[in-house]
Amino acid sequence: MRIVFYSTNSNRFDTERVKITVMPSDTQQFDTFCHKYPEHEFYCVSQSPSLFMGENTILLSTQSDYVEVSQKIIALKPDIAVALSFWIEPYDWLCINDSLVAEELNKNGIKTICNSAKTCLLCFNKRETNSFLTSKGFNSAKYVFADHNLYFCAGSNKDVIHNVYKDSLYKEIEKLELPLIIKDNSGLSSYGMTVVNTYAEAKGYLNSKRNNSDRLIEEYIDGEHFGVEVYGCDDNYTVLPVFFITKNKFGITSPKQSTKHGPVLKADKNKYRINSLNRTINKLCYSLKINGCAQIDLIYSRKKWYIVEINPRLSGMSYLYSSRNNRSVFDMIFESCILHKKIRDCGLYSVDLKLPVLSEEQLSILYNYPEIVLINQWNNKEARQEREKGFCECIIRTENKKQADEFLKKLSSLEFLHDFFKPECP
């Protein structure tokens with residue numbers, strides 16, 4: 001068969017400013033994958049920065065729309081086209097664009113593995129996501145939706161004496177339990193998310209310049225944070241082992257700083273009701289008709305699993321799952337969606353650690369450790385603030401948690417990581 005992996009990017013990304021380093025490189029990973037299946041022809045088509053794809057990728061202009069991308073793929077005459085959707089700030093809508101490509105390909109008789117536009121749009125709009133979860137019986141946070149135009153309509157309409165919408169919104173917010181999380185209805189992950197501890201703080205935020213679009217005001221769910229990825233199609237899914245995700249000082253996860261570790265130990269599977277979680281995730285995938293891959297953010301609180309967010313694409317966990325299993329993202333989706341096999345997890349302990357940006361020499365030192373199976377660094381060379389510089393993601397794999405702790409202690413002795421591992425002063 002001739003198989004095309006594709007992805008698109010409709011958001012601006014400066015490859016001159018941001019340097020991405022992956023070890024082993026995406027090119028190496030793709031070549032290794034291709035050598036496993038010499039009976040097939042594989043191609044990659046994408047737009048910069050073409051995350052997860054290698055140097056052999058057919059790069060299209062960032063100005064190309066979904067129709068032009070479709071035509072390029074059609075010209076390759078594939079038997080199957082597989083979306084490897086990724087994400088770039090500010091809007092997490094690239095999977096929607098990939099689904100539009102899939103629709104064009106389907107019209108031309110090309111089979112596609114890609115989440116539908118309906119599914120992607122539902123997950124992109126957080127209000128729609130919450131309504132869907134509630135309607136299907138899944139646990140999710142109680143929330144109030146703040147329509148930006150109605151909230152500020154009195155300022156531009158002289159016929160309005162008093163904004164009744166604001167008053168009714170405040171009343172609804174006061175019915176929610178504190179603390180509260182305020183987030184963009186269509187933002188990317190937890191970027192721009194705010195935690196408030198009083199109703200006055202919530203009101204102050206909504207009246208500030210920071211409130212520049214529709215917002216969701218949700219009850220804060222106090223519990224342990226987790227993440228999981230799912231691969232599959234045609235109601236045949238592999239739910240991979242769930243991983244813990246650390247929280248920041250505000251009690252939420254941070255894509256550029258949080259550490260992932262796990263999976264949940266066998267001794268704790270009953271405590272966390274893992275079998276129940278797997279049934280819940282399978283039910284969610286059936287309901288959404290997931291076709292390819294998806295990542296789900298979760299909270300375990302008071303012996304219940306809550307679904308926080310659904311990303312119908314590859315994610316910040318994709319390298320973790322693939323590298324810990326000696327695979328690439330190509331392997332993961334090919335095995336599950338084309339060969340229709342369950343993905344076997346290695347069962348080993350892993351840590352996805354976010355370090356500060358490192359030099360090439362320092363990256364080489366780290367990569368020489370056999371415990372480190374992958375490095376993924378984003379370096380913003382023109383960053384003006386520390387938080388804008390980027391991160392160095394290290395995937396660590398050991399036989400068990402004890403060995404992982406011992407290895408982290410070894411890393412802390414490295415001079416260039418000493419400050420990172422230094423405990424904060426109380």
Side-chain angles (χ1 to χ4, degrees), residues 1 3-7 37 40 78-86 95-96 98-107 109-125 128-140 226-243 263 269 273-298 305-315 317-318 321-322 325 327-345:
M1 287 191 296
I3 299 165
V4 172
F5 296 100
Y6 76 91
S7 54
Y37 305 99
H40 301 299
D79 298 291
I80 303 175
V82 184
L84 295 184
S85 304
F86 58 90
C95 58
I96 302 172
D98 290 344
S99 69
L100 298 179
V101 172
E103 289 181 11
E104 292 296 311
L105 298 178
N106 288 332
K107 288 179 187 176
I110 297 172
K111 180 181 177 181
T112 58
I113 295 169
C114 179
N115 288 307
S116 69
K118 181 179 179 181
T119 295
C120 294
L121 283 165
L122 187 151
C123 297
F124 172 67
N125 185 307
E128 292 295 325
T129 304
N130 280 21
S131 296
F132 165 81
L133 292 171
T134 302
S135 70
K136 296 296 182 180
F138 297 104
N139 296 323
S140 61
F226 294 82
V228 68
E229 273 196 341
V230 182
Y231 289 81
C233 57
D234 301 326
D235 295 342
N236 182 24
Y237 302 107
T238 296
V239 181
L240 293 165
V242 66
F243 272 73
K269 285 192 174 181
R273 304 179 65 193
I274 296 301
N275 289 337
S276 174
L277 171 64
N278 288 338
R279 289 193 294 270
T280 297
I281 299 301
N282 265 300
K283 178 186 173 184
L284 177 67
C285 292
Y286 295 148
S287 301
L288 289 170
K289 301 186 188 308
I290 292 299
N291 186 16
C293 60
Q295 187 271 335
I296 300 103
D297 289 330
L298 304 152
W305 283 102
Y306 290 82
I307 297 173
V308 178
E309 187 163 296
I310 308 163
N311 300 303
R313 52 165 172 75
L314 294 172
S315 74
M317 300 188 76
S318 297
Y321 282 117
S322 60
N325 288 300
R327 288 176 170 85
S328 65
V329 293
F330 303 101
D331 289 289
M332 304 286 275
I333 205 160
F334 182 79
E335 290 176 19
S336 60
C337 297
I338 297 178
L339 300 183
H340 300 292
K341 293 181 178 180
K342 292 288 185 181
I343 299 171
R344 291 189 178 184
D345 186 79

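Just so it is clear, the values below take in all heavy atoms, side chains as well, and ignore hydrogens, waters and symmetry mates.
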Participant: Can you check whether Tyr231's main-chain N or O pairs, donor with acceptor, with Ser336's side chain at less than 3.5 Å?
Facilitator: no
Participant: Can Glu104 and Asn106 be counted as having a side-chain donor-acceptor contact under 3.5 angstrom?
Facilitator: no
Participant: When you measure from the side chain of Asp79 to the backbone of Met1, do you find a donor-acceptor pair of N or O atoms at a distance under 3.5 Å?
Facilitator: no
Participant: Checking Thr134 against Ser131: is there a side-chain donor and acceptor pair closer than 3.5 Å?
Facilitator: no
Participant: Under a plain distance cut-off of 3.5 Å, with no hydrogens placed, do Asp98 and Ser85 share a side-chain donor-acceptor pair?
Facilitator: yes
Participant: How about Trp305 and Phe138: are their ring centroids closer than 6.0 Å?
Facilitator: no
Participant: Classify the angle between the aromatic ring planes of Tyr37 and Phe334 as parallel (below 30°), tilted (30 to 60°) or perpendicular (above 60°).
Facilitator: tilted
Participant: Are the charged groups of Glu335 and Lys342 less than 4.0 angstrom apart, N to O?
Facilitator: no
Participant: Does Lys136 offer a backbone N or O that forms a donor-acceptor pair with the side chain of Lys283 under 3.5 Å?
Facilitator: yes
Participant: Would you mind telling me which of Leu298, Val242, Leu240 makes a side-chain contact (heavy atoms from CB on, under 4.5 Å) with Ile281?
Facilitator: Leu298
Participant: Quick check: Tyr286 with Tyr237 (ring centres under 6.0 Å apart)?
Facilitator: yes
Participant: Is the side chain of Arg313 donor-acceptor paired with the backbone N or O of Asn311 at a distance under 3.5 Å, no angle test?
Facilitator: no
Participant: Yes or no on side chain to side chain contact (heavy atoms under 4.5 Å, CB included) for Asp331 and Ser322, after CA distance, side-chain angles and deciding distance?
Facilitator: CA-CA 8 Å; Asp331 289 289; Ser322 60; over 6 Å; no
Participant: Begin from the C-alpha positions of Ser315 and Glu229 and carry the test side-chain hydrogen bond (donor to acceptor under 3.5 Å, both in side chains) through to its verdict.
Facilitator: CA-CA 8 Å; Ser315 74; Glu229 273 196 341; 2.6 Å; yes
